[in-house]
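Structure first, commentary second.
Order of appearance sets the numbers: ligands from 1, and atoms from 1 within every ligand. These numbers come from a predicted model, not from an experiment.
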Amino acid sequence: MLPLIILTHRFLLFLSNSISSEHGFMIPKTVLVTGGAGYIGSHTVLHLLLAGFKTVVIDNLHNSSQTSILRVKKLAGEFGNNLSFHKADLSDRDVLEQIFVSTKFDAVIHFAGLKAVGESVRRPLLYYNNNLSGAITLLEVMAAHGCKKLVFSSSATVYGWPKEAPCKEEFHLSAVNPYGRTKLIIEEICRDVCSSEQEWKIILLRYFNPVGAHPSGYIGEDPQGVPNNLMPFVQQVAVGKRPALTVFGNDYNTTDGTAVRDYIHVADLADGHVAALLKLDESNTGCEVYNLGSGKGTSVLEMVRAFEQASGKKIPLVIAGRRPGDAEIVYASTEKAERELKWKAKYGIDEMCRDQWNWASKNPYGYGSQEDSTD
Ligand code: NAD
Ligand code: UFG
């Protein structure tokens, strides 16, 4: 009975994500995913394939491995044949042109970008060049080929140090580092592009703090170098790669003194992109922005405790001063996404930590760990 229900569900998804060809056949919609080999991109590509989309990925593999693409293909089963990959940089306009000439895309999801805040402070031009020129080249090539539907990966970083929580989409925006400024500028570019021509439909998704991995433990986050973010660092302490977690500040005005964030399971985030693509098909969409968060605030210590529980590992802590630029409390208002995208996060921090640990314990050295040569 269960397989029949799953097949029926998949068939319905296929129908809703397909268009009728001139001969009356149903053909799947095709999406270009930039940065699709990365952490959020790979999970989203898997969800797109399972929802019946044809998916083409372009990624320069600067911060990822092609193994993620191979594993997504496997996880997607028979839908894996609908995935193709181009190793290329977005600044390579000729390659982008060729990709758009060979395939007619219904929409693009733009993940590709550099995201390390500290590095962006040290090397601002690298960030402005990569993130801004990548986005502009992409928009230009899309326009030239009549593909005017885009979902863009923005970030809660555009709220800067918010005056209150939960953060609502209409809050004042600011940037506190070059990385955040690239997100803010690309958001503004998208708003201008939509105002210039009614045909454009763009959804800006402001992610809060993505964590976790696919429940199979087969794909997950594989940061290069010293992780900047909390949970990849905790994960590396748990597998013995680093001796202790440094907690940045325990004197915040929160229940336990550590800063509060909105952690969201990467699988929920991936579903948010499928919901955004469906929204782009509505006639009255112009440029819209949605928070993708759980709507709940969790402190650093609460998150560490949840991970210890899930992994059975003790995470040694070193308490240090606040990290410059860190806000005290940031979490999302999710009302707009719930109302207009019909999307809501399903998983809590226990499931996030369970899946993150499952991935970490099976792949202690990320995609370089095991069986990669056989993939
Ligand atoms: P990631 O680094 O894992 O994925 C980004 C991918 O883009 C990588 O595979 C990288 O190789 C590729 N890339 C970068 N520049 C490129 C270029 N010029 N041409 C082609 N490929 C390029 O990062 P992620 O965590 O999956 O984040 C995806 C997007 O979401 C990014 O834009 C990031 O800024 C944004 N975001 C991430 C977070 C987070 O905490 N992970 C939070 C908010 C927003
Ligand atoms: N933290 C530690 N120790 C660490 C790493 C982080 O105590 O080793 C603390 C931070 O001080 C912060 C919390 O854990 O209080 C979360 O830190 P992250 O770096 O994981 O996440 P942030 O919310 O600070 O910022 C990240 C990105 C932003 C983005 C935001 C939401 O760096 O650009 O997630 O997506 F906007």
### Task
Could you check atom 13 (N) of ligand 1 against the protein and tell me its nearest heavy-atom contact, residue, atom and distance included?
Asn60 OD1, 3.5 Å

### Task
Work out whether the distance between some heavy atom of Lys183 and some atom of ligand 1 is less than 4.0 Å.
yes

### Task
Go through ligand 1 atom by atom and flag the ones less than 4.0 Å from a non-hydrogen atom of Pro210.
39 (C), 40 (O), 41 (N)

### Query
Which protein non-hydrogen atom lies closest to atom 25 (O) of ligand 1, naming both residue and atom, and how far is it?
Lys115 NZ, 2.7 Å

### Task
Using a strict cut-off of less than 4.0 Å between a Lys/Arg side-chain nitrogen and an Asp/Glu carboxylate oxygen, indicate whether Lys168 and Glu335 qualify as a salt bridge.
no

### Query
Charged N to carboxylate O below 4.0 Å: is that the case for Glu282 and Lys279?
yes

### Task
Specify the protein heavy atom at minimum distance from atom 19 (N) of ligand 1: its residue, its atom name, and the distance to 0.1 Å.
Leu90 N, 3.0 Å

### Query
Numbering the atoms of ligand 1 from 1, which are under 4.0 Å from a heavy atom of Leu61?
11 (O)

### Message
Between Lys183 and Glu187, does any NZ, NE, NH1 or NH2 come within less than 4.0 Å of an OD or OE carboxylate oxygen?
### Response
no

### Atoms of ligand 1, numbered as shown, that sit under 4.0 Å from any heavy atom of Asn130
15 (N), 17 (C), 18 (N)

## Note on the structure
Counting from 1 in the order shown, the ligand 1 atoms closer than 4.0 Å to a non-hydrogen atom of Ser154 are 43 (C), 44 (C)

### Task
With Tyr290 as reference, evaluate Glu340, Lys336, Glu338, Arg206 under the side-chain hydrogen bond (donor to acceptor under 3.5 Å, both in side chains) test and give the passing residue.
Glu340

### Taking atom 3 (O) of ligand 1 as the reference point, the nearest protein heavy atom with its distance
Tyr39 N, 2.8 Å

### Task
List, ordered by chain and residue number, the protein residues whose closest non-hydrogen atom lies under 4.0 Å from any atom of ligand 2.
Val117, Ser155, Ala156, Thr157, Tyr179, Tyr207, Phe208, Asn209, Asn228, Asn229, Leu230, Leu245, Thr246, Val247, Phe248, Ala259, Arg261, Tyr263, Val300, Arg323, Asp326

### Task
For the pair Phe171 and Tyr159, name the ring-plane relationship: parallel under 30°, tilted 30 to 60°, perpendicular over 60°.
perpendicular

### Task
Would you please indicate yes or no on a ring centroid separation below 6.0 angstrom for Phe111 and His273?
yes

### Query
Taking only heavy atoms of His62, which atoms of ligand 1 are found under 4.0 Å from at least one of them?
11 (O)

### Message
Test salt bridge (charged side-chain N to carboxylate O under 4.0 Å, His left out) on Arg322 and Asp251; report intermediate values, then the result.
### Response
CA-CA 8 Å; Arg322 296 181 180 194; Asp251 58 349; 2.9 Å; yes

### Message
So if I count the atoms of ligand 1 from 1 in the order they appear, which ones are less than 4.0 Å from some heavy atom of Ser153?
### Response
29 (C), 30 (O), 32 (O), 35 (C)

### Query
Taking His265 as the fixed residue, which of Phe208, Tyr347, Tyr207 is the one that meets the ring-ring contact (aromatic ring centres under 6.0 Å, His included) rule?
Tyr347

### Message
Walk me through whether Glu169 and Arg339 qualify under salt bridge (charged side-chain N to carboxylate O under 4.0 Å, His left out).
### Response
CA-CA 13 Å; Glu169 283 84 350; Arg339 193 175 58 243; over 6 Å; no

### Message
Please determine whether a side-chain nitrogen of the Lys or Arg among Arg305 and Glu308 lies less than 4.0 Å from a carboxylate oxygen of the Asp or Glu.
### Response
no

### Message
Show me which atoms of ligand 1 lie under 4.0 Å from any heavy atom of Ala88.
### Response
20 (C)

### Query
Is a donor on one side and an acceptor on the other found under 3.5 Å between the side chain of Trp343 and the backbone of Val274?
no

### Query
Salt bridge between Lys149 and Asp281, side-chain N to carboxylate O under 4.0 Å?
yes

### Query
For ligand 1, which atoms have a heavy atom of Gly113 less than 4.0 angstrom away?
5 (C), 7 (O), 13 (N), 14 (C), 15 (N)

